[in-house]
Engineer: 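A single structure is presented below for examination.
Chain naming here is simple, since letters A, B, ... match the order of the sequence lines and numbering starts at 1 in each.
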Amino acid sequence: MIDNGLFLIMLAFLLVLLLSIFERKKVRSNFRVIPSFEQYQRAIHNIIESGEGAHITLGSGSILSPQAGSTLAAVELLANLSRLCLNSDTAPLATSGDGVVYLLALETMRSTNRAMRFPHRSNINTTQITGVSPFSYIAGAMLAQRYDHRALAVALGSFGPEVGLLADSAERIQAHTTSGTDNLLAQAVLYATNRSPLIGEEFFAASAYSQPDPVQAASLKTQDILRLMVVAAILIGAILKVAGKL
Amino acid sequence: MSGITCTQCQRENPEDALFCRFCNEPLGSQPSEQPLPDETTVDTAGSDQEPIPDWLAAIRDRKQKESPPVPNAEPAKDDSTLETVLSSLGGGKQKNNMLPISNEEGQPATSDARQAEWLSNIRSKISDGKPPDGEMPAVGGEAGQTLQQADEVEEIGEPVSASNINQPAAEAEDALDGLANTDKDDPMLQEGATIPECQPGLEVTIDETAEKIDSGQIEPKSGFPGKDAESRSDSEETGEMPVDLPGRHLRAGEQQSQSPELVDALEDIPGILPGQEIKYHPPRQTTAQSPSDSTTARISMFETTLLAEKEEHGSPLYKRSRSSFIVRWVIAALLLGLISLVQLSNAAPSRLPQSIPVEIVDFYTSISGVRAGANVLLILDYEPAYAGEVETAASAGIRLLADKQASFFTVSTSAHNLFLADKLLTAVNATGTDLEVPFLGTDRFTVLGYLPGGQSGMQGLLRDFKGSLPLGLNLSRTTDIPGLSTIHNLNSFDGILILTDNPDTARTWVEQIQPLLTSPQLWMVVSSQAVPLVRPYIRSGQIDGLIGGMYGAASFEQVLREPGPATQLWNGYYYALVFSLFIMATAGILNYLGFSILKTHRGESS
Amino acid sequence: MRSLVPRAIATVTGIILLASVLITNHLLGIVSQVLLGWIITLAGVAGLLGILNLLAVHADRVRTEKPDWVNSVVLLVAFAGVFIAGFILKPGHHFYTSMVSAVIVPVETSLLALLSISLAVAIIRAIRPGIQFVTILFIGSAMLFLWAATGFVPFQNENQTQMLLSFFNTIPLGGARGILLGVGLGSLTAGIRTIIRPGAQAGE
């Protein structure tokens with residue numbers, strides 16, 4: 001007897017694998033437009049041109065928690081952002097509120113800098129853990145944002161509603177703010193305080209938009225396929241239930 | 001186009017690209033390891049010239065109309081090429097001796113003799129301090145016109161973002177000015193003079209360069225590695241920069257059409273720089289002095305960024321209305337003042353909730369059914385920031401259990417609230433005036449400390465409770481705690497009360513742990529922010545009772561008919577909510593009207 | 001080769017842990033328990049490294065006398081104080097827990113209060129000419145639920161009012177469930193991406 005969860009995971013695994021193999025030439029063929037993501041990309045180009053820095057904060061979602069998925073997606077975007085920011089005079093600042101996320105960010109920044117032959121850009125100040133509890137982390141990130149006067153503040157990963165404080169402090173120094181999180185409360189707060197919030201699964205799609213490759217594109221297509229299946233299941237279930245009652 | 005296919009996104013890129021223009025992946029080997037094919041200069045044939053942006057074309061047209069016809073200028077040719085410059089210098093006679101700039105592969109380079117001829121021509125003219133025969137149209141003519149156009153473009157505010165790429169243009173301008181003026185006093189024409197504002201390590205004297213070209217160390221056409229073995233070996237022997245700078249390898253037509261900024265930043269460089277090779281092939285350049293890998297990569301990355309920008313965007317000017325600190329302070333002061341006033345007035349609670357939510361009734365029913373002396377596990381999973389709300393909400397429920405002589409064991413699933421268990425029981429003691437046996441100083445309340453591992457740790461409790469929590473908060477062994485002697489796993493408890501502000505934690509308990517629970521009741525006390533997401537589990541029967549925030553706590557105290565902390569705080573809470581609603585609506589309307597008036601005023605004044 | 005070993009470890013560990021959650025097998029359970037123990041220990045070590053980084057950053061701020069470096073001095077002194085007190089008194093000591101919570105709780109509660117003010121100001125600022133329909137919906141629903149939290153809903157015991165309230169309550173619940181499903185699927189595929197291509201997170 002196969003567990004439902006196991007079936008879903010195996011199905012998703014197979015879909016990602018097969019789609020990345022058979023449709024590797026159709027990378028980014030029909031991605032829909034995500035306005036927030038476009039604003040985010042434009043902001044990156046702007047800060048590169050103006051030589052200002054970006055601040056990306058990766059949340060405090062432990063890798064051992066259900067929030068691990070959002071942390072991994074955030075780190076993927078960090079890799080892309082840090083690579084793009086190599087053009088800027090100012091190295092991006094990555095902050096986090098969890099030890100493992102900090103190490104992931106550190107390794108990501110170092111790998112990117114090594115690959116692009118800028119090893120000197122990695123130092124203790126470019127990757128920081130600003131606090132170990134959610135509020136102390138956000139308070140520390142607010143201070144880092146203010147001290148370094150970053151023109152782009154990106155909040156990606158797992159946060160609580162307290163992330164609204166960071167968005168607010170970034171707004172006060174007239175920085176562009178972008179966010180993506182798996183936490184519904186944080187999404188609600190960020191919707192009110194952020195310039196370009198990524199809602200729901202848009203955040204998980206962002207890495208495919210910024211770094212299109214067969215696996216990313218396949219995972220995006222897999223998401224869509226699974227979503228359609230879920231919608232169909234809900235509809236069929238509802239119809240059957242109503243029919244059963246009747 | 002025979003380009004390079006990106007291994008990541010499988011998209012075609014120009015053959016000289018180092019990084020994919022679509023996904024920024026490095027193409028092939030790293031810049032320092034992959035000598036690029038022969039440089040691609042701008043095709044000087046007028047017919048082959050790629051279209052330029054409309055705004056630039058308009059400026060050119062206008063300038064062309066305004067400028068008087070220039071004698072001996074080549075009208076049909078690109079006005080920004082070395083050909084034009086040299087033909088102008090030489091009165092058109094040396095057209096055949098000019099630097100070959102065609103980018104057709106395999107085309108043999110101009111002979112050394114020819115190079116020597118045209119260069120010696122220049123040198124003799126420079127050394128004479130006189131202009132060459134014929135007119136001197138280089139600056140005033142079309143070649144100079146392009147520079148003027150570039151200046152004009154800059155003046156009218158078109159983005160010129162790449163200062164490091166623009167720099168060669170400035171150098172070229174200086175160099176051409178020097179040639180045109182042919183002033184011996186001009187430091188540009190002094191022997192050994194360097195082109196001003198050159199990048200460090202790229203300084204080159206005109207004279208030395210000419211000598212290099214004479215001696216064949218610099219191949220104007222094919223002196224770049226990757227074109228032919230001979231020139232490459234020459235380059236290596238003389239210690240020239242072995243790798244070309246990718247930022248210079250811009251296919252003008254292709255890239256202009258994609259990036260308006262690139263058009264602006266680089267449009268005048270290839271043509272204007274008659275000494276382009278001179279500039280990037282310094283005779284004294286050794287491998288050690290060559291631009292570092294990081295410089296090379298930086299230039300290429302910059303190029304990629306420019307290409308990614310399909311439309312022209314100005315420099316960042318985030319227009320923000322500065323948040324008014326005064327508004328914040330006013331709201332904060334008013335709220336604080338109101339709550340303090342209401343609480344200090346000690347008035348009887350008014351407007352208590354009249355509608356009791358169904359989950360509150362469930363909570364009461366479920367707890368009432370617990371046996372006396374039950375073992376209850378308290379899971380603390382709330383941030384200190386929410387301690388006030390969650391503790392207030394939990395207080396009545398814990399007191400009800402305490403009345404049943406329950407034994408409590410607390411586990412923190414978040415390291416940040418490790419110290420809150422003490423505070424919780426202190427709060428319960430303080431409010432529970434009718435408790436027969438207070439918690440403090442008794443063994444009915446055991447603080448077991450922090451459970452690491454998140455969800456995995458929770459699942460571990462299901463298998464082996466004491467194994468997952470080997471040590472208590474005081475670093476004492478949990479196996480030595482008398483109250484835990486009958487506890488083996490989560491199913492050994494009579495009830496589990498989860499205190500959380502996080503709907504994700506609640507969801508994890510319900511979806512991952514609850515299905516495996518056999519006997520214990522599962523109750524939750526959550527912050528009001530989590531109520532909407534947790535309430536569906538009551539409907540589905542996965543939770544046996546729920547108290548949500550102040551509203552739920554006040555309702556529960558009404559059910560118990562025992563005014564507790566929630567009832568005491570209700571007045572302040574209620575009036576703060578009403579006032580917040582009022583102030584948001586009022587200030588919002590005022591904000592709307594203010595902006596409307598401002599907009600109208602601006603419209604009239606403009 | 002150097003990056004192959006960590007990738008292989010990451011992939012195998014991920015698959016084993018995933019399988020142990022979904023498949024009931026004694027051997028798999030034992031292996032996953034051991035792996036989990038290692039992972040928790042490593043996560044703890046990572047936390048320690050993070051704290052060291054925090055201290056290093058603030059020490060650097062003090063050394064280079066960056067703006068507001070005095071705040072960093074306060075942080076370092078407070079850290080040392082709490083650390084030493086914890087060692088001497090043990091974490092379970094009543095005085096120690098009271099001392100720590102007496103600082104943490106008011107500070108964090110103040111930050112939460114600040115957040116409520118920021119959100120109120122954000123809503124006020126959002127009400128301006130040119131406001132979008134979606135923003136109106138957002139503000140309207142926020143105010144509606146704020147009002148509902150007061151418990152002062154006229155005729156709330158009437159059947160029709162109950163139906164209306166239930167309807168309004170169901171809309172955000174449905175939306176939240178939809179977003180959660182999307183987030184769940186996104187997390188799932190992000191995890192699978194990591195298993196298929198572990199270097200993706202490091203930008204490789």
Engineer: Are side-chain heavy atoms of B/Tyr592 and B/Ile597 found at a separation under 4.5 Å?
Structural biologist: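 Of all side-chain heavy-atom pairs linking B/Ile597 with B/Tyr592, none is under 4.5 Å.
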Engineer: Considering only heavy atoms, which portion of B/Leu533 lies under 4.5 Å from any heavy atom of chain C: side chain, backbone, both, or neither?
Structural biologist: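 Contact with chain C involves both backbone and side-chain atoms of B/Leu533.
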Engineer: Check whether C/Tyr96 gets within reach of chain B through its side chain, its backbone, both or neither, counting any heavy atom under 4.5 Å.
Structural biologist: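 Interface part for C/Tyr96: side chain.
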Engineer: Please determine, among C/Ala149, C/Ala120, C/Ala122, C/Gly130, the option with the most heavy-atom pairs under 4.5 Å with chain B.
Structural biologist: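 Heavy-atom pairs under 4.5 Å are most numerous for C/Ala149.
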Engineer: Flag the one option from C/Leu17, C/Ile39, C/Leu36 with the top tally of heavy-atom pairs under 4.5 Å to chain B.
Structural biologist: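 Among C/Leu17, C/Ile39, C/Leu36, the one with the most close pairs to chain B is C/Leu36.
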Engineer: Output the option from C/Ile104, C/Leu146, C/Val107 having the highest count of non-hydrogen pairs under 4.5 Å with chain B.
Structural biologist: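 Ranked by heavy-atom pairs under 4.5 Å with chain B, first place is C/Leu146.
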Engineer: Check the side chains of B/Tyr386 and C/Glu108 for a donor-acceptor pair under 3.5 angstrom, ignoring hydrogens and angles.
Structural biologist: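 No, no side-chain donor-acceptor pair sits under 3.5 Å.
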Engineer: From C/Met99 CE over to C/His93 NE2, what is the distance, rounded to the nearest 0.5 angstrom?
Structural biologist: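 One finds 11.0 Å between CE of C/Met99 and NE2 of C/His93.
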Engineer: Which atoms of C/Ala43 are under 4.5 Å from chain B, going by heavy atoms: the side chain, the backbone, both sets, or neither?
Structural biologist: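 For C/Ala43, there is no contact with chain B at all, as no heavy atom is under 4.5 Å.
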Engineer: Count the heavy-atom pairs under 4.5 Å between each of B/Ile583, B/Ile589, B/Asn591, B/Val578 and chain C, then report the option with the highest count.
Structural biologist: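 Of the candidates given, the most pairs with chain C belong to B/Asn591.
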Engineer: B/Tyr573 versus chain C, heavy atoms under 4.5 Å apart: side chain, backbone, both or neither?
Structural biologist: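 Side chain only.
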Engineer: For a quick check under 3.5 Å, do B/Arg463 and C/Gln33 share a side-chain donor-acceptor pair by atom type?
Structural biologist: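 Yes, a side-chain donor-acceptor pair sits under 3.5 Å.
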Engineer: How long is the gap from CZ on B/Arg535 to OG on B/Ser540, to the nearest 0.5 Å?
Structural biologist: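 Reported to 0.5 Å precision, the distance equals 13.5 Å.
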Engineer: Do the side chain of B/Glu389 and the main chain of B/Ser528 share a donor and acceptor less than 3.5 angstrom apart?
Structural biologist: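 Side chain of B/Glu389 to backbone of B/Ser528: a pair is present.
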Engineer: Kindly indicate, with the supporting measurements, whether the criterion side-chain contact (heavy atoms from CB on, under 4.5 Å) is fulfilled by B/Glu557 and B/Leu352.
Structural biologist: CA-CA 10 Å; B/Glu557 286 174 8; B/Leu352 280 165; over 6 Å; no
Engineer: If you tally heavy-atom pairs under 4.5 Å against chain C, which of B/Ala554, B/Ala576, B/Pro532 wins?
Structural biologist: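 The answer is B/Pro532.
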Engineer: With a 4.5 Å cut-off on heavy-atom pairs, point out which of C/Leu114, C/Ile139, C/Val100 contacts chain B the most.
Structural biologist: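 The option with the most such pairs is C/Val100.
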Engineer: Side chain, backbone, both or neither: which part of C/Ser98 has a heavy atom under 4.5 Å from chain B?
Structural biologist: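 It is neither, since no heavy atom gets under 4.5 Å.
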Engineer: Can you classify the ring geometry of C/Phe83 versus C/Phe79 as parallel (below 30°), tilted (30 to 60°) or perpendicular (above 60°)?
Structural biologist: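 Rings of C/Phe83 and C/Phe79: parallel, as their planes differ by under 30°.
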